[in-house]
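I have placed the structure first, in the form of structure tokens, so that the comments after it can refer back to it.
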Protein chains: 2
Amino acid sequence: MPADADVLDRTFHALADASRRSIVVRLSEGPASVSALAEPLDMSLSAVVQHIEVLQKSGIVRSEKVGRVRICRLEPAPMGEIEQWIARHRRVWEGRLDQLGDILESTYGRNP
Amino acid sequence: MPADADVLDRTFHALADASRRSIVVRLSEGPASVSALAEPLDMSLSAVVQHIEVLQKSGIVRSEKVGRVRICRLEPAPMGEIEQWIARHRRVWEGRLDQLGDILESTYGRNP
DNA sequence: CCAATACTTCAGTGATCACTTAAGTGTCTG
DNA sequence: CAGACACTTAAGTGATCACTGAAGTATTGG
């Protein structure tokens with residue numbers, strides 16, 4: 001198993017959870033502390049820390065400690081990798097199913 | 001929350017496994033039977049069937065029985081949905097990356 | 001200095017995962 | 001019609017998951 005598959009495994013897995021995706025959405029608005037990320041989530045701080053660890057292991061999130069506060073922020077590279085993977089295969093099956101290609105285009109838009 | 005999050009959960013989860021992704025890659029070249037999909041994989045047929053079930057529950061794969069053979073094919077819609085999700089947020093934090101310089105500058109006391 | 005703050009670490013639990021083997025059920029083919 | 005073929009279903013196993021609560025460790029504001 002190459003390291004590449006591992007990165008895809010971890011990144012897809014990290015995003016396969018609504019709580020973790022909500023953390024990603026929150027971080028896309030800017031860096032945040034662990035407790036700030038925990039605040040809207042209905043679970044223990046411990047659980048949130050564990051979600052952040054999953055995101056960190058995938059490489060989506062990086063963090064640094066500033067005093068007693070841990071500041072988390074997004075790292076776009078792994079996302080780019082899975083987006084590439086999808087785009088690579090989507091192109092093939094878009095050619096196979098024209099009507100769904102149209103649906104995608106009308107929803108997703110044509111601009112870059 | 002909504003069914004939308006559920007679709008993302010299932011789709012990201014379905015793609016978070018190298019064996020399942022290899023099935024997707026194989027199917028992007030055209031429809032295939034269960035045993036054709038199983039052939040390159042080093043596991044029991046039963047295990048492959050279970051992987052296909054995961055892919056079907058996510059909506060990525062559809063299948064129909066023709067005689068004693070089950071033919072599987074790709075369904076692009078759920079992929080489009082996660083691609084949309086990624087594209088939506090990637091755009092935000094790519095813009096954010098430009099502001100990372102600003103954050104560092106303000107931290108180290110340069111002009112905003 | 002001391003107590004609130006912001007995590008951190010650890011152990012445990014029930015659920016889900018990724019398999020396995022074994023024993024089916026239909027469907028062709030000779 | 002028999003037996004190979006292509007799954008299908010069921011039950012079980014060990015690992016990982018998504019939590020919890022309790023007990024830490026640094027930091028920091030008053």
Side-chain angles (χ1 to χ4, degrees), chain A residues 1-2 5-27 30-73 78, chain B residues 1 5-27 30-73 78 107:
Chain A
M1 299 216 194
D6 233 40
V7 169
L8 289 171
D9 277 17
R10 283 198 246 267
T11 309
F12 276 121
H13 169 69
L15 294 174
D17 179 282
S19 302
R20 283 194 293 265
R21 283 198 307 277
S22 81
I23 289 173
V24 169
V25 170
R26 173 72 179 75
L27 286 177
S33 69
V34 172
S35 40
L37 293 169
E39 193 268 325
L41 297 171
D42 189 23
M43 61 181 72
S44 71
L45 182 68
S46 204
V48 174
V49 168
Q50 285 165 57
H51 279 308
I52 291 169
E53 271 163 17
V54 171
L55 290 165
Q56 289 201 109
K57 274 170 190 161
S58 80
I60 292 173
V61 166
R62 279 192 352 146
S63 73
E64 62 177 314
K65 199 107 194 223
V66 180
R68 63 185 165 181
V69 180
R70 177 165 298 280
I71 298 298
C72 305
R73 64 194 146 80
Chain B
M1 308 192 145
D6 232 41
V7 170
L8 288 172
D9 277 18
R10 283 197 245 266
T11 309
F12 276 120
H13 169 69
L15 294 174
D17 179 282
S19 302
R20 283 194 295 265
R21 282 197 307 277
S22 80
I23 290 172
V24 169
V25 170
R26 172 71 181 74
L27 287 177
S33 70
V34 172
S35 40
L37 293 171
E39 193 268 324
L41 297 172
D42 188 24
M43 61 180 72
S44 71
L45 182 69
S46 205
V48 175
V49 168
Q50 284 165 56
H51 279 307
I52 291 169
E53 270 163 17
V54 170
L55 289 165
Q56 288 201 108
K57 273 170 190 161
S58 79
I60 292 174
V61 166
R62 276 192 335 144
S63 72
E64 61 176 315
K65 200 108 192 220
V66 181
R68 62 185 165 179
V69 180
R70 178 164 298 279
I71 298 296
C72 304
R73 75 187 75 251
T107 309

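So that the names make sense, note that chain A is the first sequence line, chain B the second, and so on, each numbered from 1. Just so it is clear, the values below take in all heavy atoms, side chains as well, and ignore hydrogens, waters and symmetry mates.
- Leu45(B) places its CG atom 15 Å from the C1' atom of dA4(D), with the value rounded to the nearest Å.
- Residue Ile52(A) contributes atom CD1, which lies 12 Å from atom C1' of dA6(C) at whole-angstrom precision.
- Using a 4.0 Å heavy-atom distance criterion, Ser46(A) is classed as a base contact.
- Side chain of Arg20(B) to main chain of Leu15(B): no donor-acceptor pair is present (N/O by atom type, distance under 3.5 Å, no hydrogens or angles).
- Candidate nucleotides dT8(D), dC7(C), dT20(D) were compared by shortest atom distance to the side chain of Met43(A), and dT20(D) ranks first.
- If you take CD of Glu53(B) and P of dA18(C), they are 12 Å apart, rounded to a whole angstrom.
- If Ser19(A) and Gly67(A) are placed on DNA chain D by their nearest nucleotide, the residue sitting closer to the 5' end is Ser19(A).
- Using a 4.5 Å heavy-atom cutoff, the side chains of Pro40(A) and Arg26(A) are not in contact.
- For Gln50(A) against dT20(D), a side-chain N or O and a base N or O form a donor-acceptor pair under 3.5 Å.
- Looking at Arg68(B), its side chain comes within 3.5 Å of the base of dC5(D) through a donor and an acceptor atom.
- With values rounded to the nearest 0.5 angstrom, Asp42(B) atom CG is found 9.5 Å from Ser19(B) atom OG.
- The CD-C1' distance, from Glu39(B) to dA6(D), rounds to 15 Å in whole Å.
- Within the 4.5 Å cutoff, the side chain of Ile52(A) has no heavy atoms near those of the Ser63(A) side chain.
- At a threshold of 4.0 angstrom between heavy atoms, the contacts of Ser35(B) are confined to the sugar-phosphate backbone, with no base atom among them.
- Taking atom CG on Leu55(B) and atom C1' on dA18(C), their separation rounds to 13 Å, with Å as the unit.
- When the nucleotides dC7(C), dC7(D), dA18(D) are ranked by their closest atom to the side chain of Asp17(A), dA18(D) comes out on top.
- Nearest to the side chain of Val49(A), among dT8(C), dA18(D), dT20(C), sits dT8(C).
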